[in-house]
Colleague: 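Let me give you the structure first, and then I'll get to my questions.
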Amino acid sequence: MRIKKMEELREMGVNPYPYKFEKTHDALLLQEKYAELAMGEETNDKVIVAGRIMAYRNSGMFIDLQDVTGRIQVFCHKNRLDEQQLKVISLFDLGDIIGVYGYIRRTPRGELTINAEKVDLLSKSLLPLPEKYHGLTDKEVRYRQRYLDLIMNESTRVTLRNRSKIIASIRQYLNGLDFLEVETPMLHSIFGGAAALPFSTHHNTLNMKLYLRVAPELYLKRLIVGGLSEKVFELNRCFRNEGISFKHNPEFTSIEIYQAYADFSDMMDLTENIISYVAETVFGTLDFEYDGKQISFKGPWARRSMLDLIHDVTNVHFGELDNEQAYQEAKKLGIDVPKGANWGKIVEAVFGEKVETKLIQPTHVTHFPREISPLAREDRDNPRLTERFESFVNGWELANAFSELIDPIDQRGRFEQQMSERGAGDVEAHPMDEDFVTSLEYGMPPTGGLGIGIDRLIMLLTGSLTIRDVIAFPTLRPKTD
RNA sequence: GGGCGCAUAGCUCAGCGGUAGAGCAGCUGACUUUUAAUCAGCGGGUCGAAGGUUCGAUUCCUUCUGCGCUCACCA
């Protein structure tokens, strides 16, 4: 039916898909500029706008046009338009993209309107839009056909635009501190930098197995060793072949930041500074409501050691226990710890079970056990621990940072420990990366490193309850019927 | 991966052991100051897929597929 209309238009000499259109104004700007225009008042101000037809009333006399900034009504009156134009308008459908030349007025009913003297078809839409009142609510369609979701749902447009602004402001902040943005490989022959399962792929010409990176960490540190810059960051995608949930997508965006001559407490400051800058810049506030909870990013954030937090909740001093005692205490607390788990894994399990979800307000959880932190430097006061922290907000891990391990001999030993865990069945343990250790052998300056989960940050700042709402095209199974 | 739930018109949804309904969208007409426009009329469906039970299945059962919620997993 719409194709028939299109043919009719072609016969009239109207190209349904023209090449170019010069517009002069956006809907929102006009709404703001003429906010004071009185009801019923006419102007001689000529404007040219373009957008998609979202409503079509009185046989096309009133058309609601939606552009990227908002909506504005178009008035097509027969006194101002010739036969040909009226015929063209009668062949418009909801969803068509049109350009309008006309004069600004406010109707007696109060609606800012463009009194059209010429209307051009800019793109014929061949498919009907979802229902105008209820809109598009089917989540599957919204994720699979995001273009439709964007056409129909203002909130989707706002969230994804805010995503862009958030990311731009992070870059802006770091550039202002002389950080150098770099790009390191997405395809790794050895995966590393995080305890996670990788996607694997194959390169034909080299006939080799490659992995999609789970983290850029080991390459960024090589750049620090080389002295490309004392301050580097990479803001881009990582890939983990793991479960999907409201806060996990197989491909996700992280930022990793490395600063030579800094340590983990500098990274705590940096974490707070980046997030408060972004919040102020994009939203003009540090106070947010997420899922009914008030969250304030106002600094300084609480800084508590993992063992202290566990003690607060359980009254157990895990720091004073050996492996076996820790195992018994964890069992007493009703925590399911795998047999043979080391002290660090037990402490981590207790923390995950008893503490994590309680950390609603931004909190830096410091001093993670050594065994679960193979890339982090030993704590200067306690060799069981590392100078590592994770920042928790709303019970989620938002950031992870350490004083980087720069001692090559210690690092090699950590990799060897990881490999023996791997041999014992831990598929997420790090494989040895000889070249990385070699780079450390040339000498890496003391360095602080920080990683922030960008998608989760965006969720918190935009109030999105699922990661799929902050990723334009989230991972879905292909539709097969 | 486990549990629960959902899948009917382009969209939002009813419905039911006797092969289907509304509103919006669409088409025809009326109407030139409407804004969820209105009024009159019309068309529109492999009821997610495949099996089974039944005289008969969109409906009941099984399996599959997709999605959602949730638990597990996941720094």
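Numbered from 1 within each chain, the chains take letters A, B, ... in sequence-line order.
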Colleague: State which residues pass side-chain hydrogen bond (donor to acceptor under 3.5 Å, both in side chains) with A:Asp379; sequence neighbours excluded, sorted by chain then number.
Modeller: A:His367

Colleague: Look at the side-chain N and O atoms of A:Thr107 and state whether any lies under 4.0 Å from the OP1 or OP2 oxygen of B:U33.
Modeller: no

Colleague: Consider the side chain of A:Arg57, meaning its heavy atoms from C-beta on, and name the nucleotide among B:G26, B:C11, B:U35 that approaches it most closely.
Modeller: B:U35

Colleague: Is the shortest side-chain N to carboxylate O distance from A:Asp120 to A:Lys118 below 4.0 Å?
Modeller: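 A:Lys118 and A:Asp120: salt-bridged.
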
Colleague: At 4.0 Å (heavy atoms only), tell me whether A:Ser245 reaches a base, stays on the sugar-phosphate, or touches nothing.
Modeller: nothing

Colleague: From B:U33, B:U12, B:C11, pick the nucleotide closest to the side chain of A:Arg105?
Modeller: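 Closest nucleotide among those given: B:U33.
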
Colleague: May I ask you to say whether A:Lys345 pairs ionically with A:Glu371, meaning some side-chain N is under 4.0 Å from a carboxylate O?
Modeller: no

Colleague: Please pick, from B:U33, B:U12, B:U35, the nucleotide with the shortest atom-to-atom distance to any side-chain atom of A:Pro108.
Modeller: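 From the listed options, B:U33 comes nearest.
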
Colleague: Are the side chains of A:Asp410 and A:Arg414 in contact, using a 4.5 Å heavy-atom criterion?
Modeller: yes

Colleague: Does A:Phe415 have A:Arg412 sitting over its ring (NZ/CZ under 6.0 Å from centre, angle to axis within 45°)?
Modeller: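 Judged by the rule (NZ or CZ under 6.0 Å from the ring centre, within 45° of its axis), A:Arg412 is not positioned above A:Phe415.
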
Colleague: Does this structure show an ion pair linking A:Arg377 with A:Glu404, if we count only N-O contacts that are shorter than 4.0 Å?
Modeller: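 A salt bridge is absent here (no side-chain N lies under 4.0 Å from a carboxylate O).
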
Colleague: Using the side-chain heavy atoms of A:Arg2, tell me which of these nucleotides is nearest: B:U35, B:G66, B:G26.
Modeller: B:G26

Colleague: Counting side-chain heavy atoms from CB outward, which of B:A25, B:C67, B:U12 is closest to A:Arg144?
Modeller: B:C67

Colleague: Got a list of protein N/O to nucleotides 21-24 of chain B N/O distances below 3.5 Å?
Modeller:
unit_1	atom_1	unit_2	atom_2	d
B:G23	N2	A:Glu131	OE2	3.4
B:C24	O3'	A:Lys132	NZ	3.4

